[in-house]
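Heavy atoms only: backbone and side chains are in, while hydrogens, waters and symmetry mates are out. Each chain gets a letter, A, B and so on, in the order the sequences are listed, and its residues count up from 1.
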Protein chains: 2
Amino acid sequence: MNQKIDSLAKILIEKNIKPSYQRIRILQYINENINHPTVDNIFNSLVKEIPTLSKATVYNTLELFEDANLVKVITIEDNETRYDSRVHNHGHFKCESCGSIYDFEVDIDSLVVNSLKYFKINDKNVYFKGICSRCLTPNKFLAKTKIRK
Amino acid sequence: MNQKIDSLAKILIEKNIKPSYQRIRILQYINENINHPTVDNIFNSLVKEIPTLSKATVYNTLELFEDANLVKVITIEDNETRYDSRVHNHGHFKCESCGSIYDFEVDIDSLVVNSLKYFKINDKNVYFKGICSRCLTPNKFLAKTKIRK
DNA sequence: TATAAAATTTATAATCATTATAATATTATT
DNA sequence: AATAATATTATAATGATTATAAATTTTATA
Ligand SMILES: [Mn+2]
Ligand SMILES: [Mn+2]
Ligand SMILES: [Zn+2]
Ligand SMILES: [Zn+2]
């Protein structure tokens, strides 16, 4: 138990972030929930166990994590900002039916753009939209299907 | 003058959209301003010539255009929805210094993702972030530089 | 250890883009 | 012209994010 907390604290210390209890728990949450949670997801889950938690802390902490490259902001939809603890470059697929966001591996670096020769590129993103396989053939996987809002 | 309006009206009629004056002017604006304007950009420009224009009309019209594939929503930043009248598939680069959004051609269709074999893909997006060439060497192009908020 | 300073968290208010609602105006149909 | 359908407008409501200041916790120093 303390091992887990210690290792999370270590990650924060290495990034020069003081490992407060709230920060450790938020880091833990995004590491264990890689389904690209929103601020509300994170807050509503954690506030059950940390009743004094403030939403402002979640916002502040995520901004801190973003600057430290511990988390990546996913902006597929304009109304919901999501967070991804997998910071390596990968693509995202959003299902327009169930709302789930899937990761997929894609060789983004191979996308060389001539017209951006003299631009400094810090960040490359790829995202698709459509209907996921579960929604396309729902009856087949009924037992496995999880509906996400 | 009327030729332009007529051709814009024609575009709308072909999409089964009644060519009201407001709709024609909004279509004209996004066709003439391909720098990915926000709703505010569109509204503030047009309201000077159409004082009765309502922001709700701009929102309604853009949604209508989106459904008709006359415009594409660009969501690079989570706080600003932008609109693009160039609906063919192309990439976007957002400069983190001046905020400008550049178009670039990229062969998105060549991105084949095995894990999405059984997914229905409706929309593919690619966007980069970084510093544009003008911001990297600002003195060189002083005369040409246009600062965009 | 006691005290002061700094950092963090919390509670609350403010902001702002978007959506919803209902009234008004315009256009089409009979 | 009267009626119905559609579009526009004005306005309010919503909701996510940001800002602000007070309260709490941690750290540094005497
Ligand atoms: Mn991901
Ligand atoms: Mn574009
Ligand atoms: Zn789905
Ligand atoms: Zn720039």
Side-chain angles (χ1 to χ4, degrees), chain A residues 5 8-9 12-13 15-29 36-68 70-83 99 149, chain B residues 5 8-9 11-13 15-30 36-68 70-83 99 149:
Chain A
I5 286 184
L8 291 164
L12 294 176
I13 291 167
K15 296 283 189 177
N16 288 316
I17 297 172
K18 292 187 183 169
S20 72
Y21 180 67
Q22 289 87 340
R23 287 170 178 173
I24 288 174
R25 294 302 304 274
I26 292 169
L27 180 62
Q28 183 183 20
Y29 184 88
H36 315 93
T38 62
V39 167
D40 249 52
N41 295 151
I42 299 167
F43 174 77
N44 288 323
S45 291
L46 289 179
V47 79
K48 290 173 192 163
E49 295 178 40
I50 317 169
T52 60
L53 184 67
S54 165
K55 202 173 269 190
T57 298
V58 180
Y59 276 104
N60 292 339
T61 302
L62 288 171
E63 197 184 345
L64 211 61
F65 287 2
E66 195 191 345
D67 294 341
L70 284 173
V71 79
K72 207 166 160 354
V73 177
I74 306 295
T75 51
I76 298 181
E77 226 66 60
D78 48 355
N79 54 335
E80 51 176 27
T81 304
R82 292 172 172 275
Y83 293 87
K149 213 232 114 177
Chain B
I5 287 184
L8 290 166
I11 293 171
L12 293 176
I13 292 166
K15 297 282 188 176
N16 288 316
I17 297 171
K18 290 188 184 169
S20 72
Y21 180 66
Q22 289 88 339
R23 288 170 177 174
I24 287 174
R25 294 304 302 275
I26 292 170
L27 181 61
Q28 181 184 22
Y29 184 88
I30 59 170
H36 315 94
T38 62
V39 167
D40 248 53
N41 294 150
I42 299 167
F43 174 78
N44 288 322
S45 292
L46 290 179
V47 79
K48 290 172 192 161
E49 295 177 40
I50 317 169
T52 62
L53 184 67
S54 163
K55 201 172 270 190
T57 299
V58 179
Y59 277 102
N60 292 339
T61 301
L62 288 171
E63 197 185 344
L64 212 62
F65 287 3
E66 195 190 345
D67 294 341
L70 286 173
V71 79
K72 206 167 160 353
V73 177
I74 307 295
T75 50
I76 299 181
E77 226 67 59
D78 49 355
N79 54 336
E80 51 176 28
T81 304
R82 292 172 171 276
Y83 293 86
K149 215 231 113 178

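- Note that CG of A/N44 is 6.0 Å distant from NZ of A/K55, once rounded to the nearest 0.5 Å.
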Taking only distance into account, with no hydrogens and no angle test, what donor-acceptor pairs under 3.5 Å do side-chain atoms of residues 59-68 of chain B form with protein atoms, sequence neighbours excluded?
| from | atom 1 | to | atom 2 | distance (Å) |
| --- | --- | --- | --- | --- |
| B/N60 | ND2 | B/A56 | O | 3.2 |
| B/T61 | OG1 | B/T57 | O | 2.7 |

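- The structure places CD1 of B/I30 at 12.5 Å from CG of B/N41, a figure rounded to the nearest 0.5 Å.
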Query - Sugar-phosphate or base contact per nucleotide [nucleotides 3-11 of chain C; S, B, -; heavy atom under 4.0 Å] - result: ----SSSBB
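- Counting to the nearest Å, the C1' atom of C/dA17 and the CG atom of B/D78 are 12 Å from each other.
- Rounding to whole angstrom units, CD of residue B/E63 and C1' of C/dT19 are separated by 10 Å.
- Using a 4.5 Å heavy-atom threshold, the side chains of A/I74 and A/Y83 count as separate.
- Summarising the geometry, atom CG belonging to B/L8 is positioned 9.5 Å from atom CZ belonging to B/R25; distances are rounded to the nearest 0.5 Å.
- Taking atom CG on A/N79 and atom P on C/dA20, their separation rounds to 11 Å, with Å as the unit.
- Atom pair A/E80:CD and C/dT18:C1' shows a separation of 14 Å (rounding to whole Å applied).
- If you take OG on A/S20 and CD1 on A/I26, they are separated by 7.5 Å, rounding to the nearest 0.5 Å.
- Within residues 36-47 of chain B, no residue has any heavy atom under 4.0 Å from DNA chain D.
- For the pair A/E77 CD and D/dT17 C1', the interatomic distance rounds to 18 Å; values are reported in whole Å.
- Taking both residues in full, the closest heavy atoms of B/F43 and B/S54 are given as CE1-C, 3.7 Å, listed atom of the first, atom of the second, then distance.
- Spacing between atom CZ of B/R25 and atom P of D/dT9 amounts to 13 Å, rounded to whole angstrom units.
- Distance check, rounded to the nearest 0.5 Å: CD of B/E77 to CG of A/D78 gives 12.5 Å.
- Atom OH of A/Y59 and atom P of D/dA19 are 12 Å apart (whole Å).
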